Each structure stands twice: as C-alpha cells, then as structure tokens.
There are 2 protein chains.
Amino acid sequence: MNMVPSTQGKEASTTRECYLKLRQLILAGDLPPGKKLKIEELRALLKTGASPVREALSLLTSDMLVERIDQRGFRAAPVSKANFQEILTLRCSLEDMALRASIANGDTAWEERVVLSHHRMSRTERNNTELFEEVHKMFHMALLSNADMPMLLRYCDQLYDLNIRYRYLAADGPRYGERSVAAEHEEIFDATLRRDADAASELLISHYRRTGEYFISQMEG
Amino acid sequence: MNMVPSTQGKEASTTRECYLKLRQLILAGDLPPGKKLKIEELRALLKTGASPVREALSLLTSDMLVERIDQRGFRAAPVSKANFQEILTLRCSLEDMALRASIANGDTAWEERVVLSHHRMSRTERNNTELFEEVHKMFHMALLSNADMPMLLRYCDQLYDLNIRYRYLAADGPRYGERSVAAEHEEIFDATLRRDADAASELLISHYRRTGEYFISQMEG
DNA sequence: ATGTCAAATAATATCGATATTTTGGAGTTG
DNA sequence: CAACTCCAAAATATCGATATTATTTGACAT
C-alpha cells in the first residue's frame with residue numbers, strides 16, 4: 001500500500017544510521033576522547049533501541065574510534081601525541097604506496113574522478129568546515145582510488161578519519177596556519193595528472209608532514 | 001557461595017568466546033570462503049543466544065574474515081588470487097616498517113621475548129599443525145613487538161591471520177615444499193639479534209615472498 | 001515451456017525484559 | 001584514620017519474542 005517511498009531511495013538499516021551518526025559525533029569531538037559511552041544515554045539520544053547502538057559501537061571499535069573493555073562497556077578512543085604520530089607515520093607510508101599504485105594503473109575514468117573532485121574542492125569555501133572536510137576527503141581518496149587494493153584503501157580511509165578527528169579537536173584552539181594548503185593541493189594535483197609518481201608522492205607526504213608537525217608542536221607546547 | 005570457580009581463571013564474555021571460536025572455524029576453513037553464515041545455525045552450533053553470535057560476526061567483519069551485506073546477513077569472506085596478492089604486498093610493506101622500528105627500539109626485554117618464542121618454535125613439531133601455527137605466529141609477532149606502534153601491530157596481526165587462512169586452505173592440496181623454512185627462520189633470528197635491520201628486513205620479506213609466490217603459482221595452475 | 005506476480009516461507013533486524021557484573025558508598029574493624 | 005567487607009544502585013550482557021525484509025514457491029497467463 002505504501003506507494004510513496006518514505007525516505008525515497010536508500011533505506012539504510014537502523015544500525016547503519018546509528019553507526020554514521022555516532023561516528024560523526026566522535027569525529028567532530030561532540031563525544032570527546034575518553035568519554036564513557038553509556039548505551040542508555042546513546043539510546044535516548046538517537047531515539048532507538050539498545051541493539052543497534054551496541055552493534056554500531058562494535059563497528060566503531062574496528063575503526064579505532066571506540067574502545068571496548070569486556071564487561072565494562074565502551075568509551076570514545078583516547079587521543080595522545082604518540083597516537084597522532086603513529087597515524088601520521090602510517091598515512092605517509094600507506095598513502096605513498098596507494099598513490100603510486102593508483103598512478104601506475106592510471107586510466108581515463110580515474111583521471112576524470114580526480115579532476116572532478118579537485119574542481120569541487122576548489123569551489124568549496126573553507127569556512128564551511130563540515131562541507132569542506134567532505135570534499136577534501138573526496139579529493140584525497142580519489143587520488144588513491146585506482147590502486148586496485150581494497151584493503152589498503154580501507155586502511156587509508158580509516159587513518160584519514162582518525163586524522164580528521166585531531167583536526168577537529170585542534171580547531172577549538174588557535175586557527176591553524178592558513179599556509180599554502182591550496183597551493184600544495186594544486187601541486188599534488190598537477191604531478192598526479194602528469195603521472196609523475198615520485199613527485200606526486202613526495203608532495204603528498206610533505207603535505208601531510210607539514211600539517212602534522214604543526215599540530216604536534218601545538219599539542220603539548 | 002560458589003567457592004569452586006567454575007572455569008578457573010579467566011571468565012571471558014560469551015561474545016568473546018563466540019568470536020574466538022568462529023574465528024578459528026573460518027581460519028581453519030571449516031566455514032569455507034563465501035559460505036552463508038546463518039545466525040540460527042551458528043547459534044545452535046555454539047549453543048548460545050543470537051546476540052553474542054551477531055556481535056561476534058560484527059567483530060569478525062573488521063578483521064575482514066566475514067563480509068556483511070546490510071539486511072542480508074553475513075558470509076565468510078571470499079578468497080581470490082588478487083586478495084592473496086594484496087595481503088602479501090601489505091605484509092611485506094608493513095612488517096618491514098614494524099621490524100625496523102622494533103629493532104631500532106631494541107631492548108633487553110624484547111630480545112628475551114624473541115629468544116624465547118624462537119626456542120619454543122624450534123621445539124615444536126611441524127606435524128602438529130594447530131600448535132605449530134600458534135608458536136610460529138608468536139615468533140613472528142615477537143620480532144615486531146617492540147615497534148611501539150599499536151595500530152601497526154594490529155594491522156600486522158590481522159594480515160598474518162588472513163594469510164594463515166590461505167595456508168590452511170592450501171594445505172588440502174599438495175603438501176607445500178618443505179623448503180628451508182627452518183633455515184630461513186634461523187637467518188631472520190640471527191640478523192635481528194645482531195640488530196642488523198637491513199638484513200633482517202630483507203630476509204623476512206623474501207621469506208614471505210618465496211612462500212607467497214609458491215602459493216600463487218598453485219592457485220590457478 | 002517460459003516469464004511474471006503474489007502468497008508463503010525463511011532469515012535478519014530490532015525490541016523489551018531479565019540476568020550478571022561492576023561500581024560506589026556506608027558501616028565496621030584493626 | 002586507613003583498609004576492608006558487604007550491600008544497594010547502575011550499567012552491561014544476554015535472552016526470547018516480534019516486526020521487517022529477503023527469498024523461494026507455485027499458480028497463472030502469455
């Protein structure tokens with residue numbers, strides 16, 4: 001009888017919705033690092049049952065955004081200088097691998113994805129944090145998307161999100177040096193389209209390191 | 001009043017038990033790749049409720065041993081030549097990083113862990129597959145254990161298990177070339193204790209590649 | 001025969017309630 | 001006054017049942 005599709009298009013499961021919402025809350029710092037995540041609270045917040053919440057938290061555990069202690073519940077993953085450092089190191093190594101593989105497999109469809117995502121990013125205002133972070137991630141993942149290594153891409157995606165979380169947390173503090181981020185993106189973009197893997201990778205990694213070292217200097221200064 | 005502890009020692013949660021059992025079943029190939037994993041069946045097999053089973057399957061999803069399709073249940077992760085290849089590539093890269101970091105941080109306690117696990121492995125018969133795989137993994141993880149990079153170690157651990165699964169599956173086929181596996185372990189061991197990172201890493205990686213390429217040649221031959 | 005549709009069947013996802021375990025505090029003792 | 005035990009409150013983990021959603025079956029029309 002229900003001829004008008006209630007939510008038109010994709011009917012996600014309750015669990016997935018919980019997962020996405022909780023993920024966003026943690027990434028944006030609304031559920032701060034180390035905070036105890038009580039089922040009952042979240043159940044009330046998301047207006048749903050306990051099962052989907054539990055399962056969503058389970059999934060977030062594998063993204064390393066939530067810690068679980070057997071019989072003692074869940075809590076938002078803590079942050080630390082060492083953890084940030086490790087994320088940075090792993091990203092440099094894994095994205096280097098992925099970008100090289102992506103370029104090596106380079107085809108037209110991929111090139112178009114890169115161009116499109118780059119264009120969208122350039123057209124998005126940086127003030128609109130939420131939206132900018134989204135297109136920014138799209139651009140970076142598009143660069144890697146042709147690597148033909150699904151597990152590697154999954155790791156890169158995870159690490160990207162873990163890193164973004166630190167960015168959100170730091171955003172409360174002093175505005176981070178506007179630097180020449182846009183110019184750096186431009187250089188990476190150009191080198192990639194030139195299929196110059198060495199240059200592209202070098203630029204990408206130093207892009208990360210520069211941002212990373214700035215944060216590290218702030219974290220316990 | 002219960003003065004005699006029922007299971008003496010560690011009381012794990014039902015979920016964890018399910019997780020460990022299912023994991024072993026999948027690794028050993030008792031739940032073959034691609035097989036539909038129906039909650040009801042597993043519930044009966046493990047003699048427990050549906051909730052722990054669901055949660056355990058959720059956890060296995062993050063280990064990439066189980067695939068989940070929203071609203072359509074779980075299935076054991078499929079296998080493929082490409083997937084094996086990717087696992088091999090990632091292991092070579094990540095274990096290289098971990099081993100170098102581990103050696104760089106090298107201290108006495110770590111050295112003793114390595115020596116101990118090596119000794120245990122050398123004292124274990126290869127025929128006792130189950131047990132040998134356990135001590136073998138212990139040895140390899142001990143080598144990396146001093147890297148002081150928890151996320152990296154987690155990735156290595158995951159990838160190790162994914163690889164072992166292919167070994168179990170291939171074990172049904174022709175016995176894999178006894179080769180000089182023991183000798184190779186010896187060389188890796190020696191180079192590591194010498195703190196010769198370049199040599200140790202080189203030996204470790206070629207150890208993996210050799211085994212890997214042997215399997216690949218068999219997979220679709 | 002073959003393809004389509006609807007009812008029946010089976011499996012998953014979710015809920016509400018119960019059982020277990022942990023946590024916090026009051027009261028007692030050395 | 002510190003440390004320890006025991007009890008009450010709270011939170012987690014698990015169960016059994018129901019509601020949703022996918023899949024199969026079989027009748028019917030082409």
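A quick note: this is a predicted structure, and the numbers were derived from the prediction, not measured. Lettering of chains follows the sequences in order, A, B, ..., and the numbering in each one begins at 1.
Following rounding to the nearest Å, A:R16 (CZ) and D:dT21 (C1') show an atom-to-atom distance of 17 Å. In this structure, A:I39 atom CD1 and C:dT21 atom P are separated by 18 Å, rounded to whole Å. The NZ atom of A:K38 sits 5 Å away from the P atom of D:dA11 (whole-angstrom rounding). For the pair A:R75 CZ and C:dT23 P, the computed distance is 10 Å after rounding to whole Å. As rounded to whole Å, 14 Å separates atom C1' of D:dT21 from atom CZ of B:R68. Put simply, CZ on A:R43 is 8 Å from P on C:dG16, counting in whole angstrom units. Taking atom CD1 of residue A:I69 and atom C1' of nucleotide C:dT23, one finds them 14 Å apart after rounding to whole Å. Remark: P of D:dA13 and CD of B:E17 are 14 Å apart, rounded to the nearest angstrom.
Side-chain contact check for B:R210 and B:Y214: no donor-acceptor pair (N or O, by modelled atom type) lies under 3.5 Å. There is a side-chain donor-acceptor pair under 3.5 Å between B:Q158 and A:Y155.
At least one side-chain heavy atom of A:R167 sits under 4.5 Å from a side-chain heavy atom of A:F215.
A salt bridge does not link B:E134 with B:R120: every distance from a Lys NZ or Arg NE/NH1/NH2 to an Asp or Glu carboxylate oxygen is 4.0 Å or more. A salt bridge links B:D161 to B:K137: one of the charged nitrogens lies within less than 4.0 Å of a carboxylate oxygen.
Between B:H136 and B:H185, the ring planes lie tilted relative to each other; the angle falls in the 30° to 60° range.
Closest of all the heavy-atom pairs between A:I87 and A:L159 is CG2-O, 3.8 Å.
Closest approach to the B:T15 side chain among D:dT14, C:dT12, C:dT22 is made by D:dT14 (side chain taken as heavy atoms from C-beta onward). Of all nucleotides listed (D:dA13, C:dT22, D:dT21), D:dT21 comes nearest to the side chain of B:Q71. Here the side chain of A:K36 is nearest to one of D:dA11, D:dA22, C:dT21, namely D:dA11.
Residues from residues 44-58 of chain B with heavy atoms under 4.0 angstrom of DNA chain D, sorted by number: B:T48, B:G49, B:S51, B:P52.
Residue B:T14 places none of its side-chain N or O atoms closer than 4.0 Å to OP1 or OP2 of D:dA13.
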